[in-house]
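Remarks on the structure that follows.
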Amino acid sequence: MTAPSDRVPVQKDRVESVRRRGHSIVARGEPMVWLTGSALVVSLGMILGLLVWIGSRGLPTFWPSRIIETVVDSGRSRVVVLGEVTREEEYELRESDLIPASEGVQAAMRRALDADRRVSRRLVLTGNADLFGSRFRWVEKVREVKSDRFPRWAVRVDRREGGPFFGYPTASAELFPVPSGWSDAEHSQASVRLLAAPTGGGDAARAEWIAEALRRVDRSDGAEPALYVRRRVESGVTTVLIPPEGLGDGDAVEAVARVWWGAEPAFGRFEDWHDGVRDLVAESQRLQGGEIAELADEVEDLRLERRTVGRRNDVDPLWLDVHDTLIRYRGEGQVESAERTRQRLERLEREFGYRRPSETVLAQLEELESSELQLRRELEDLASRDRSIRREASRFVIQFETSDQDVSAVVEIGEIVRAFPANQIGAGRQLSIYLDRWWEFLTDEPRESNREGGVFPAIFGTVMMSLFMCLAVVPFGVLAALYLREYAKSGPIVSLIRIAVNNLAGVPSIVFGVFGLGFFCYIVGAGIDDLLYESRLPSPTFGSGGLLWASFTLALMTAPVVIVATEEALSAVPNSMREGSYACGASKWQTIRRIVLPRALPGILTGAILAMARGAGEVAPLMLVGAVKVAPELPIAAEAPFGLNRSFMHLGYHIFDLGFKSPDSEAAKPMVFTTTFLLITIIAILNLLAIWLRGRLRKKYESAAF
């Protein structure tokens with residue numbers, strides 16, 4: 001028999017061997033730690049890289065660049081290119097590129113061919129599309145560039161229409177339009193102040209008026225008299241400011257002007273006038289979008305009310321249409337047209353047997369007609385006031401010389417959003433322009449096929465749709481999850497329902513768009529129109545795409561996310577809490593409302609966050625159920641149906657339109673990145689608000705957090 005002392009060393013060796021095996025890297029799981037950690041780092045790196053790339057392309061979009069003037073000689077022509085360099089790249093040179101070049105350029109290009117065949121070129125934003133037909137031009141450095149410089153008085157102009165403009169200011173002017181008719185009360189009040197309209201007519205009287213106006217021009221502040229003429233050129237007809245002695249045989253004088261010649265005086269006068277003229281333009285836009293639009297809506301409501309009265313009293317639709325035309329002519333003051341329409345109405349009654357409405361119905365129609373005529377007179381007064389404001393704003397202009405020295409352009413100051421000499425402004429002015437462009441981008445409406453201006457309607461539409469979607473999907477999803485988890489008994493039917501819910505999460509989003517168009521728009525919306533808005537037919541109210549149906553469609557699409565997240569949150573509430581509630585005498589609903597739901601709210605909000613993140617970025621369904629390129633009105637109103645029936649702009653659809661449907665992809669590219677960055681930021685803000693609320697609830701019910 002072996003002594004105990006002989007067995008001890010053997011057991012000790014075995015323990016040490018086991019310990020060594022337990023401390024090995026495989027047994028401790030370090031490879032999986034490194035593998036999972038590396039996967040997390042790669043995933044985060046991809047996400048952050050995407051965000052940094054989008055931000056780096058989107059944030060600098062509005063920073064003002066220097067304006068370069070390049071003399072280009074391609075061997076065929078010698079032109080001047082003026083604009084901003086948007087990007088530079090290299091491309092592979094080919095033998096065929098040597099053909100149109102001059103000998104000196106060919107030598108330089110052959111050296112490039114003998115080296116690595118790579119030459120550089122730059123894309124210049126030249127603007128002035130209304131004059132030259134294109135906004136961009138590629139300039140090849142080796143073959144075309146003869147010289148580069150940065151002119152001190154090269155100015156970039158951001159216009160309301162026509163896109164960016166580049167030129168050299170040569171003159172600013174205050175115009176006094178020549179009256180178009182000596183007895184016309186609508187001619188410019190400025191002309192009346194300058195010179196009372198002479199009596200008589202014809203070319204002699206017009207020439208006399210122009211000559212007298214030139215003599216009376218105020219020459220203070222360095223101003224000089226000039227003429228604003230319409231002149232025929234090779235490309236068509238243009239307008240130009242000229243001194244009186246420069247008047248040609250074919251020039252048609254549009255106005256007499258007080259002019260400040262020279263780059264510095266002209267731009268200084270522009271800066272003095274710009275704020276005041278912009279206020280006039282803003283007042284005109286306020287009238288058109290406010291009082292004029294409201295009166296037009298009231299006139300339309302009265303017209304619809306008349307049609308409703310006619311339908312209720314069996315008035316023939318044709319008689320009612322002719323009667324509506326008669327009222328419109330009367331309101332517009334077209335006496336002859338109104339008389340002809342009245343005679344037509346009588347002929348319908350006399351010759352074709354159309355029954356005249358009863359006296360009671362006629363009294364109702366006449367009362368509505370009287371109200372409509374009063375509104376139309378007010379509408380015409382506002383329209384006249386708007387025309388007067390616009391005429392006053394159009395009196396102030398600035399003239400530019402373009403890169404083609406034979407072409408000048410006169411721009412109304414009211415059409416200029418901003419203008420600045422990019423090559424002589426400092427960092428402070430650059431920052432001010434950058435922030436002003438961002439403010440315009442966030443608060444203004446789009447221009448130039450969404451390539452210019454702002455995206456406020458798209459921001460508003462995206463946020464409103466996301467909120468309505470959450471208001472629709474969260475209650476629906478929570479109720480469905482409550483039934484499946486708390487009320488339904490486990491069985492094959494409940495299992496099939498859960499499988500169906502999970503499968504719905506994988507259905508392509510465009511399928512939900514087709515369903516929303518067919519069910520919500522064509523069935524539910526058409527039924528609402530027949531029931532409540534019959535007088536507006538055949539124009540649909542709810543029978544077409546709009547904010548409400550888009551929100552409901554995305555709510556159906558994201559419902560599986562909310563249902564699954566809510567079920568998980570409900571299952572995380574301990575059964576002991578339910579049993580304790582039942583033991584205290586609480587009913588099933590009381591237990592759910594006071595015990596289960598409060599402690600499941602963090603999980604429910606998790607589902608809402610996921611649903612919001614998915615729904616806010618969707619585009620495919622929205623193209624069918626309400627999102628449009630440009631919406632003239634925001635999807636909100638003070639009266640029923642409160643704008644819920646209106647089409648709306650959406651940032652996701654805006655990005656799709658810019659990237660794939662824009663007529664000028666190069667001009668739209670910067671806005672694609674900027675709008676993408678903005679959409680990501682808005683979704684992140686909405687999610688952070690929901691996460692903050694979820695965190696508050698978790699602190700309140702820490703025991704139920706999962």
Side-chain angles (χ1 to χ4, degrees), residues 51 53-64 86 125 135 158-164 278 281-282 285-286 289 417-418 433-469 545-547 550-551 554 612-613 615-623 625-636 643 646-687:
L51 296 177
W53 182 65
I54 293 174
S56 64
R57 299 293 297 273
L59 287 175
T61 298
F62 299 131
W63 189 264
T86 58
L125 170 62
R135 299 172 186 267
D158 295 333
R159 299 180 290 180
R160 298 186 184 279
E161 295 182 2
R278 284 189 66 179
V281 174
Q285 292 175 339
R286 186 192 65 80
V417 178
R418 70 182 61 81
I433 294 172
Y434 179 74
L435 296 177
D436 183 59
R437 283 175 166 176
W438 265 106
W439 179 252
E440 177 193 8
F441 181 68
L442 297 176
T443 60
D444 211 345
E445 296 181 353
R447 307 187 306 269
E448 289 296 305
S449 297
N450 294 336
R451 298 189 300 266
E452 302 284 341
V455 292
F456 176 75
I459 296 173
F460 188 86
T462 303
V463 174
M464 289 291 291
M465 188 213 66
S466 300
L467 293 179
F468 277 113
M469 179 194 69
L547 178 67
S551 301
L554 292 186
M612 184 185 303
E618 280 292 342
V619 176
L622 301 181
M623 292 190 294
V625 290
V628 292
K629 179 185 181 73
V630 176
E633 296 177 300
L634 294 178
I636 187 173
R646 294 177 182 172
S647 298
F648 64 100
M649 295 184 67
H650 185 272
L651 286 173
Y653 185 79
H654 189 78
I655 295 169
F656 167 76
D657 176 72
L658 286 171
F660 300 97
K661 299 176 68 177
S662 176
D664 192 341
S665 59
E666 284 294 342
K669 189 179 296 183
M671 295 293 283
V672 170
F673 289 101
T674 308
T675 308
T676 303
F677 177 78
L678 179 63
L679 177 60
I680 293 173
T681 302
I682 290 176
I683 295 175
I685 291 173
L686 293 176
N687 287 343

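Atom CD1 in Ile459 sits 8.0 Å away from atom OG1 in Thr462 (nearest 0.5 Å). Taking CE of Met465 as the start and CG of Leu651 as the end, the distance is 10.0 Å to the nearest 0.5 Å. Here CD of Glu618 is found 15.0 Å from OH of Tyr653. Values are rounded to the nearest 0.5 Å. Annotation: the span from His654 atom NE2 to Lys629 atom NZ amounts to 8.5 Å, rounded to 0.5 Å. The distance from the CZ atom of Phe677 to the CD1 atom of Ile682 is 11.0 Å, given to the nearest 0.5 Å. Residue Ser647 holds its OG atom at 11.5 Å from CG of Leu622, rounded to the nearest 0.5 Å.
Heavy atoms only, all atoms of each residue included: Phe673 and Ile54 are closest at O-CG2, 3.8 Å. Minimum interatomic distance between Pro60 and Gly55 (heavy atoms only, all atoms of both residues): CD-O, 3.8 Å. Here the shortest heavy-atom pairing between Glu452 and Pro164 reads OE2-CD, 3.5 Å. Nearest approach of Phe456 to Leu634, heavy atoms of both residues: CE2-CD1, 3.9 Å. Summarising the geometry of Asn687 relative to Ala613, their closest heavy-atom pair is ND2-CB, 3.8 Å, with the distance given to 0.1 Å.
No side-chain heavy atom of Thr61 sits under 4.5 Å from any side-chain heavy atom of Phe441. Inter-residue side-chain proximity for Leu554 and Pro621 is flagged as met; some heavy-atom pair is nearer than 4.5 Å. Put simply, the side chain of Trp438 does not reach to within 4.5 Å of the side chain of Ile433, judged on heavy atoms. Side-chain contact between Pro635 and Met649 is absent, with no heavy atoms from C-beta onward closer than 4.5 Å. Proximity of Arg57 to Thr676: side-chain heavy atoms (C-beta onward) are nowhere separated by under 4.5 Å. Counting heavy atoms from C-beta on, the side chains of Val619 and Ile655 never come closer than 4.5 Å.
A salt bridge links Glu440 with Arg447; the closest basic N to acidic carboxylate O contact falls under 4.0 Å.
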From CA spacing to verdict: side-chain contact (heavy atoms from CB on, under 4.5 Å), Glu666, Arg451: CA-CA 10 Å; Glu666 284 294 342; Arg451 298 189 300 266; over 6 Å; no
Can Val417 and Asp444 be said to form a side-chain contact (heavy atoms from CB on, under 4.5 Å), step by step? CA-CA 11 Å; Val417 178; Asp444 211 345; 6.0 Å; no
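A perpendicular orientation is assigned to the rings of His650 and Phe648, their planes being inclined by more than 60° (bins at 30° and 60°).
Cation-pi contact between Arg437 and Phe62: absent, since separation from the ring centre below 6.0 Å together with deviation from the ring axis within 45° is not met.
Under a 3.5 Å cut-off, the side chain of Ser56 and the backbone N or O of Trp53 do form a donor-acceptor pair.
Enclosure of atom CD in Glu445 is not indicated, since only 12 or fewer non-hydrogen atoms of other residues, nucleotides or ligands lie within 6.0 angstrom. In this structure, Trp63 places its CH2 atom where more than 12 heavy-atom neighbours from other residues, nucleotides or ligands lie under 6.0 Å away.
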